[in-house]
Amino acid sequence: MGTIVITGSAGGIGQATRERLALNGHEVIGVDIRDAEVIADLSTPEGRTEMIGAVATATGGRIDGLVAGAGITGPDPEQVVSINYFGAVATVEGLRPLLAQGTDASAVAISSNSSTTVADLPNGLIDACLGDNEAQARELAGSDPGTAYATSKLALARWVRRTAIGGDWIGSGIRLNAVAPGLIDTPLVADNLDMIMNLGDVYPIPIGRPGRAAEVANLLAFLLSPDASLFCGSVVFMDGGSDAALNADAWPTTNTTAERWPIGD
Ligand code: NAD
């Protein structure tokens with residue numbers, strides 16, 4: 001049993017995850033702009049700082065798990081980038097000292113399969129995110145919330161992979177991973193669910209239905225648990241086959257950055 005923080009806890013996936021974790025006997029500290037133990041606006045640096053202080057107070061400075069799940073799709077591309085990327089990264093980084101006090105500590109960020117299914121994402125915005133330049137990222141956020149959303153989620157997945165392998169994380173025994181859900185039936189997509197289900201070849205959904213928040217909650221609960229003890233820097237897609245349908249051969253890909261190691265020699 002542990003103490004687990006969930007941002008976006010009042011939403012579809014966050015709510016399902018808190019219910020799933022409560023079944024396992026965990027204490028959940030929810031963070032959201034509404035209906036949560038800690039009310040905080042993760043779109044601003046001030047809100048993020050206040051959240052970290054409030055969570056430290058609520059938990060006595062020790063947590064065992066974290067889900068960075070707060071996110072939006074629109075209408076403002078600048079806010080999309082600020083909440084989905086900078087809010088998530090500040091949450092994971094800011095709560096790392098609390099995870100360091102925990103047992104079998106594990107953090108999971110919620111990315112999205114839009115990271116690989118939306119075409120032609122702007123590299124400048126990805127670089128501004130990964131360069132930790134929020135002002136520039138907001139300038140480059142453009143006018144299309146969908147592109148900003150997918151780009152923020154791609155940058156978040158890459159940040160997780162870069163960060164998870166470092167001394168502050170797996171080097172200190174703290175696992176960090178991401179999940180990349182496809183279309184999940186939650187309030188986030190309620191207005192566009194039917195439209196997205198019918199995009200055909202542009203966004204195929206081989207399983208033939210949207211995902212359920214409880215299905216994402218199950219994966220999050222697993223990644224937070226000691227059963228996932230070998231996971232580090234993974235971005236786990238769970239999307240009913242959409243990424244596989246669009247990108248079957250794009251991954252796994254060959255290693256072009258290191259010398260060949262002597263397997264089979
Ligand atoms: P949701 O809208 O039901 O929940 C999101 C929650 O985030 C809400 O409770 C909302 O109040 C909170 N939030 C929004 N702005 C905030 C802010 N500034 N500060 C603090 N909290 C804030 O959506 P969901 O589908 O449950 O999404 C959860 C996560 O999963 C998001 O990061 C989303 O991008 C991601 N995701 C969702 C889908 C999907 O199809 N639903 C697919 C892939 C990824």
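As the structure lists them, so they are numbered: ligands from 1, and atoms in each ligand from 1.
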Give the contacting part of [X] toward ligand 1: side chain, backbone, both or neither, where contact means a heavy-atom distance below 4.0 Å.
X      : value
Ser114 : neither
Ile72  : side chain
Thr186 : side chain
Val189 : side chain
Ala40  : backbone
Asp41  : both

May I ask you to check whether [X] and [Y] show a side-chain donor-acceptor distance below 3.5 Å?
X      : Y      : result
Asp132 : Tyr85  : no
Arg138 : Ser82  : yes
Arg62  : Thr103 : yes
Ser9   : Gln15  : no

For ligand 1, which atoms, with element, lie under 4.0 Å from some heavy atom of [X]?
X      : value
Ser43  : 18 (N)
Ile110 : 29 (C), 30 (O), 35 (C)
Gly12  : 1 (P), 3 (O), 4 (O), 26 (O)
Tyr149 : 33 (C), 34 (O), 35 (C), 36 (N), 37 (C), 43 (C), 44 (C)
Pro187 : 3 (O)
Ala70  : 7 (O), 21 (N), 22 (C), 32 (O)
Arg34  : 9 (O), 11 (O)
Gly69  : 28 (C), 29 (C), 31 (C), 32 (O)

Could you go through the salt bridge (charged side-chain N to carboxylate O under 4.0 Å, His left out) check for Glu37 and Arg18 one step at a time? CA-CA 12 Å; Glu37 284 79 5; Arg18 59 175 316 154; 2.8 Å; yes
Tell me whether the count of non-hydrogen atoms from other residues, nucleotides or ligands lying under 6.0 Å of CG in Asp249 goes above 12.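 Open: at most 12 neighbouring heavy atoms sit under 6.0 Å from CG of Asp249.
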For Leu23, does the CG atom sit with more than 12 other heavy atoms under 6.0 Å from it, leaving out its own atoms?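 Check passes, neighbour count above 12.
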Ligand 1 N/O within reach of [X] N/O, cut-off under 3.5 Å:
X      : result
Leu183 : no
Val31  : no
Gly11  : yes
Asn84  : no
Gly14  : no
Ser9   : no
Lys153 : yes

Looking only at non-hydrogen atoms, which of Ala180, Gly8, Pro181 approaches atom 43 (C) of ligand 1 most closely?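 Result: the heavy atom closest to atom 43 (C) of ligand 1 is in Pro181.
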Which option wins on minimum heavy-atom distance to atom 10 (C) of ligand 1: Val67, Ile6, Asp32?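 The nearest heavy atom belongs to Asp32.
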Starting from atom 42 (C) of ligand 1, locate the nearest protein heavy atom and write down its residue, its atom name and how far away it is, to 0.1 Å.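 Result: Gly182 O, 3.0 Å.
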Establish whether Leu21 and Ile184 are linked, either directly or via other cluster members, by ILVMFWY side-chain heavy-atom contacts under 4.5 Å.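 Yes; Ile184 is reachable from Leu21 via cluster members.
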Measure the shortest side-chain to side-chain distance between Ile13 and Leu220 over non-hydrogen atoms and say whether it is less than 4.5 angstrom.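 Of all side-chain heavy-atom pairs linking Leu220 with Ile13, at least one is under 4.5 Å.
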For residues Val235 and Asn177, determine if any side-chain heavy atom of one lies less than 4.5 Å from a side-chain heavy atom of the other. no
Quick one: does Gly87 get a heavy atom under 4.0 Å from ligand 1?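 Heavy atoms of Gly87 never come under 4.0 Å of ligand 1.
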